[in-house]
Amino acid sequence: MVQRDKIVKDINELLNVALTPEHNGLQVEGKTEIKKIVFGVSATMELFKAAKAAGADMVMTHHGLIWNTAENITGVFGRRVAFLIKNDINLVSYHLPLDRHPVLGNNAGLAKLMGLKNIKPFGAYHGIDIGFMGEVNPARDMESFCALLNGECVICGRNEIRRVAVVSGGAHDMLGQAINAGVDLFVTGSRDEYVLEQCREAGLNFIAMGHYNSEVFGIKALMEYIRKHYKVETEFIDIPNPF
């Protein structure tokens, strides 16, 4: 068992939430004593119901309910909040801090999966780099990355991949930064219509893993950290989402 306020304070400090202006940390208040935490990518009703069935006192997610501005507690948003309050379940969420963390973050996990070396910050978002850029040594062919990441592949560059940039989630709008950085491959979660032609004209390879699929790494790494450092039961619940 762990005290809610202690674990929230500790993780807030670990992820350095003060660097980003969003509403990170405790978003909905429930029980003060935590025996079990359920982890998931997004704060949805399906996840909340699964967490209740699993006996969770806290749900910890990457995508929370509250972002930069408050909402009226109505509609889908209101029903989600009401469910948590009725069942005395805490909601704790970490968005950009869990994208950019150099060890526990989504992009750190992706960089590790791809075997990147000589890693440097990449992907400026409101003045903060949230992704990474690194080297593949020895070089690998593009087809192997398509198979590894199981996403939508745009092959418009050379087959031999040496330099890769990665920004998880909805970062296809950082494609220009990847082109300017001179990488061979840009990996993110999302894509849009213009991506194909921009990649073709720049000679760049691109993989869109799906927003959800590119962001399971951080919350799972955070779960393992908490499991090792606190006397609390943990469980990851996958709510599959192809987008």
Side-chain angles (χ1 to χ4, degrees), residues 1-74 76-109 125-126 128 130 168-169 212 215-239:
M1 182 184 297
V2 63
Q3 293 296 310
R4 177 197 65 216
D5 293 346
K6 172 174 173 49
I7 197 167
V8 172
K9 179 177 181 294
D10 289 352
I11 302 304
N12 284 354
E13 293 175 355
L14 174 70
L15 299 181
N16 202 359
V17 299
L19 281 181
T20 55
E22 308 167 306
H23 294 286
N24 291 291
L26 183 63
Q27 295 196 346
V28 178
E29 187 175 277
K31 299 173 183 176
T32 59
E33 294 184 341
I34 308 301
K35 296 179 180 178
K36 181 171 183 177
I37 304 175
V38 156
F39 295 78
V41 174
S42 300
T44 65
M45 184 66 84
E46 187 171 354
L47 177 64
F48 297 161
K49 289 180 178 179
K52 178 188 176 184
D57 308 303
M58 176 182 286
V59 174
M60 195 169 288
T61 66
H62 174 51
H63 299 134
L65 291 179
I66 304 171
W67 302 87
N68 295 316
T69 58
E71 294 186 46
N72 294 328
I73 307 176
T74 58
V76 170
F77 176 77
R79 289 190 289 274
R80 290 173 175 176
V81 172
F83 183 89
L84 292 169
I85 292 174
K86 179 181 178 181
N87 292 285
D88 209 16
I89 298 174
N90 296 278
L91 174 64
V92 179
S93 301
Y94 297 101
H95 188 221
L96 292 181
L98 199 54
D99 283 317
R100 66 183 300 274
H101 194 273
V103 177
L104 302 178
N106 289 313
N107 293 301
Y125 180 78
H126 295 289
I128 301 173
I130 59 175
S168 63
Y212 179 97
E215 296 193 324
V216 299
F217 301 91
I219 199 67
K220 287 183 175 180
L222 184 58
M223 178 182 70
E224 287 303 307
Y225 177 90
I226 288 173
R227 182 184 63 81
K228 291 177 182 178
H229 290 84
Y230 299 90
K231 294 181 179 179
V232 62
E233 185 181 351
T234 62
E235 180 182 354
F236 176 79
I237 294 181
D238 186 29
I239 308 294

Qualifying residues under ring pair (Phe, Tyr, Trp, His ring centres under 6.0 Å), relative to H101, sequence neighbours excluded: none

Partner residues of K9 under the side chain to side chain contact (heavy atoms under 4.5 Å, CB included) criterion, sequence neighbours left out: E13

Salt bridge (charged side-chain N to carboxylate O under 4.0 Å, His left out) contacts in which one or both residues fall within residues 49-58, not counting sequence neighbours: K31-D57

Residue list, side chain to side chain contact (heavy atoms under 4.5 Å, CB included) with N16, at least two apart or on another chain: A18, L19

Set of residues satisfying salt bridge (Lys or Arg N to Asp or Glu O under 4.0 Å) with respect to D238, sequence neighbours excluded: none

Residue list, ring pair (Phe, Tyr, Trp, His ring centres under 6.0 Å) with F77, at least two apart or on another chain: none

Partner set under salt bridge (Lys or Arg N to Asp or Glu O under 4.0 Å) for E71, not counting sequence neighbours: none

Atom pair CG (N87) and CZ (F48), whose distance is rounded to the nearest 0.5 Å: 11.0 Å

For A51, all residues meeting side chain to side chain contact (heavy atoms under 4.5 Å, CB included), sequence neighbours excluded: V38, A56, V59

Residues in ring pair (Phe, Tyr, Trp, His ring centres under 6.0 Å) contact with H95, at least two apart in sequence or another chain: H62, H63, W67

Side chain to side chain contact (heavy atoms under 4.5 Å, CB included) partners for E33, two or more places apart: M1, Q3

Qualifying residues under salt bridge (Lys or Arg N to Asp or Glu O under 4.0 Å), relative to R79, sequence neighbours excluded: none

With K6 via salt bridge (Lys or Arg N to Asp or Glu O under 4.0 Å) - residues at least two apart: D10

